Amino acid sequence: MKKLSSHVLVGENQETNYIYLMNIYTGCSVKVSRNIFQDVETIENNDEIMAFLDSEGFCKNTANLIEEVYDEESKQLNITFLIHENCNFRCTYCYEKFEKNAMEKEVIDGVINYIAKRIQDDSRLEHVHLAWFGGEPLLNLKGIEYISEKIIRLCEINKLSYSSDITTNGFLLNRRIYEKLTKLQVTNYQITIDGNQEHHDSQRVLKNGKGTYQRIIDNLLDISKNTKDSNLIALRTNVAPDNFESMPKHITKLISMFGEDERFDLNFHNVGNWGDKCIDIIKNNVALELSELTVSLGGKSEGILWNLMPNSYCYAGKKNNFFIGSDGMVYKCTVLLYDERNHIGNLENGELRIDDEKESL
């Protein structure tokens with residue numbers, strides 16, 4: 001007799017009288033009326049419904065699924081570049097120390113050589129993905145251009161697919177730079193706008209303490225009005241107790257400015273105590289609530305759904321995923337930058353020298 005797998009979560013809602021089955025591998029959910037099936041046991045005793053659930057992956061062996069995931073991961077190489085570890089901002093909740101600057105040329109050439117060797121030696125590889133992170137990555141636009149052109153060419157020669165994304169504060173992202181990045185196949189952008197101008201400018205300030213809201217909005221409006229492409233521009237809002245109440249007005253304003261542009265997506269994250277600073281935080285996760293509000297107001301908020309898609313678990317747990325610091329240090333996570341457990345190796349002479357014991361964590 002078929003049984004539901006361990007990667008299927010079961011929940012009940014007494015008010016609606018439904019049982020919910022959530023397949024955390026595929027992101028597929030099923031709701032079952034308790035007027036038909038009283039509990040999971042009665043579901044599993046019904047051959048017809050179990051045949052359907054089996055066809056949707058609800059009965060697959062979890063160990064086999066893990067092997068499938070690893071097999072898929074082996075086909076893709078993900079490299080995130082901390083291309084510039086300093087920043088033109090000094091956000092109040094930031095965890096970075098800004099002790100380093102632009103990625104050294106020796107490191108850049110070393111990573112390119114490493115990727116070239118992986119492409120040559122690994123017959124399973126089908127796709128290369130590069131991500132640009134910081135600090136503020138646009139402080140080293142020349143480095144982004146140089147690496148992108150080299151790796152895109154390598155992928156073309158070896159018939160591999162290629163993709164790229166960037167996390168930027170948006171202050172330097174004028175239309176000219178955006179169009180240049182688009183030509184370099186950077187198709188996904190994450191830019192933070194922390195509420196209305198008053199709240200944003202109290203959290204996301206320049207080194208000199210001045211606000212940044214209007215410059216970012218002007219850049220984005222120019223991009224929205226004067227460019228045509230199929231990129232995704234995720235507008236992230238970090239939510240804390242002091243800006244939570246203003247979220248309806250903030251969301252309404254963003255929709256009024258960018259709601260007609262399908263490229264823009266609103267998503268929300270709780271501010272956390274990510275570094276040494278201790279700040280006020282909201283204990284309950286507000287992402288779903290604010291995403292629902294966005295949709296109800298006529299906006300687009302698909303970010304919450306991305307976490308329900310296959311292969312959406314934390315990048316730190318992915319074997320073929322590395323972060324390269326500006327000095328050649330290799331990490332698995334972009335948040336715990338100063339935790340020794342996260343320093344898993346170094347780039348040396350075009351090779352990643354990895355501590356296998358640390359990476360296995």
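If you're wondering where the values come from, they're calculated on a predicted model, not measured in any experiment. Computed from heavy atoms alone, side chains included, the values below leave out hydrogens, waters and symmetry copies.
- For CD of E156, the number of neighbouring non-hydrogen atoms (other residues, nucleotides, ligands) closer than 6.0 Å is greater than 12.
- Aromatic ring centres of Y338 and Y95: separated by at least 6.0 Å.
- Among all heavy-atom pairs drawn from S161 and C155, the shortest one is O-SG, 4.1 Å.
- Atom CD of Q38 has more than 12 neighbouring heavy atoms from other residues, nucleotides or ligands inside a 6.0 Å radius.
- Atom CD of E99 is surrounded by more than 12 heavy atoms from other residues, nucleotides or ligands within 6.0 Å.
- Every residue two or more places apart in sequence or in another chain that forms a ring-ring contact (aromatic ring centres under 6.0 Å, His included) with H200 is listed here: Y213.
- For the residue pair I223 and R263, the shortest heavy atom distance occurs at O-NH2, 3.3 Å.
- Cluster annotation: I193 and I282 are assigned to the same hydrophobic cluster (Ile/Leu/Val/Met/Phe/Trp/Tyr, side-chain heavy-atom contacts under 4.5 Å, transitive).
- Listed by first and then second residue, the ring pair (Phe, Tyr, Trp, His ring centres under 6.0 Å) pairs involving residues 235-267 are F258-F264 (not counting sequence neighbours).
- Linking ILVMFWY side-chain heavy atoms closer than 4.5 Å, directly or via other members, places F268 and L254 in a single hydrophobic cluster.
- When all heavy atoms of L347 and V107 are compared, the pair lying nearest together is CD2-O, 3.4 Å.
- Within 6.0 Å of atom NZ in K100, more than 12 heavy atoms from other residues, nucleotides or ligands are found, so the atom counts as buried in its surroundings.
- I152 and I177 fall within the same hydrophobic cluster, defined by Ile, Leu, Val, Met, Phe, Trp and Tyr side-chain heavy atoms under 4.5 Å apart, directly or through other members.
- The closest side-chain heavy-atom distance from F58 to K2 is not below 4.5 Å.
- Cation-pi geometry between K31 and Y18 is met: under 6.0 angstrom from the ring centre, within 45 degrees of the axis.
- A donor-acceptor distance shorter than 3.5 angstrom exists from the side chain of R90 to the backbone of C87, with no hydrogens or angles considered.
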Q. Hey, mind stepping through E351 and R353 against salt bridge (Lys or Arg N to Asp or Glu O under 4.0 Å) and telling me if it holds?
A. CA-CA 6 Å; E351 293 187 17; R353 309 290 186 183; 3.2 Å; yes
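- The two residues S224 and D261 make their nearest non-hydrogen contact at OG-OD2, 2.9 Å.
- Side-chain contact check for T182 and N231: at least one donor-acceptor pair (N or O, by modelled atom type) lies under 3.5 Å.
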Q | Evaluation steps, side chain to side chain donor-acceptor pair (under 3.5 Å), between W132 and S164 | A | CA-CA 8 Å; W132 310 104; S164 180; 2.9 Å; yes
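- Applying the ring pair (Phe, Tyr, Trp, His ring centres under 6.0 Å) test to every pair with at least one member in residues 148-181, sequence neighbours left out, gives these pairs: F89-F171, Y178-Y189.
- Other residues, nucleotides and ligands place no more than 12 heavy atoms under 6.0 Å from the CG atom of D47.
- If you chain together hydrophobic residues whose side chains sit under 4.5 Å apart, L139 and L206 fall into the same group.
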Q: Starting from the C-alpha separation in whole Å, work towards a yes-or-no answer on salt bridge (Lys or Arg N to Asp or Glu O under 4.0 Å) for K180 and E145.
A: CA-CA 9 Å; K180 180 173 290 188; E145 289 182 83; 3.8 Å; yes
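- Here the closest heavy-atom approach between residue K318 and residue K332 is recorded as O-NZ, 2.6 Å.
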(Q) As a quick check of understanding, evaluate ring-ring contact (aromatic ring centres under 6.0 Å, His included) for Y315 and F323, giving each step before the final call. (A) CA-CA 10 Å; Y315 49 71; F323 296 85; 5.1 Å; yes
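- Shown here is N349, whose CG atom has no more than 12 heavy atoms of other residues, nucleotides or ligands within 6.0 Å.
- With hydrophobic clusters built from ILVMFWY side chains whose heavy atoms lie under 4.5 angstrom apart, M329 does not share a cluster with M103.
- Residues P137 and I144 come closest through the heavy atom pair O-CD1, 3.6 Å.
- Contact of the N169 side chain with the T192 side chain is not registered, since no non-hydrogen atoms from C-beta on lie closer than 4.5 Å.
- Within the 4.5 Å cutoff, the side chain of D194 has no heavy atoms near those of the D201 side chain.
- For the side-chain contact (heavy atoms from CB on, under 4.5 Å) test with L220, the passing option among D218, I216, D222 is I216; the others fail.
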(Q) Determine whether E85 and N101 satisfy the following criterion, side-chain contact (heavy atoms from CB on, under 4.5 Å), listing intermediate values before the conclusion. (A) CA-CA 5 Å; E85 293 196 54; N101 290 297; over 6 Å; no
Q: Show the numbers, then the answer: is there a salt bridge (Lys or Arg N to Asp or Glu O under 4.0 Å) between E359 and K319?
A: CA-CA 8 Å; E359 188 187 21; K319 179 73 175 174; 3.4 Å; yes
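- In this structure, K358 places its NZ atom where more than 12 heavy-atom neighbours from other residues, nucleotides or ligands lie under 6.0 Å away.
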Q: Give the intermediate values and the outcome of side-chain contact (heavy atoms from CB on, under 4.5 Å) for residues R215 and L172.
A: CA-CA 9 Å; R215 170 79 169 265; L172 301 175; 4.2 Å; yes
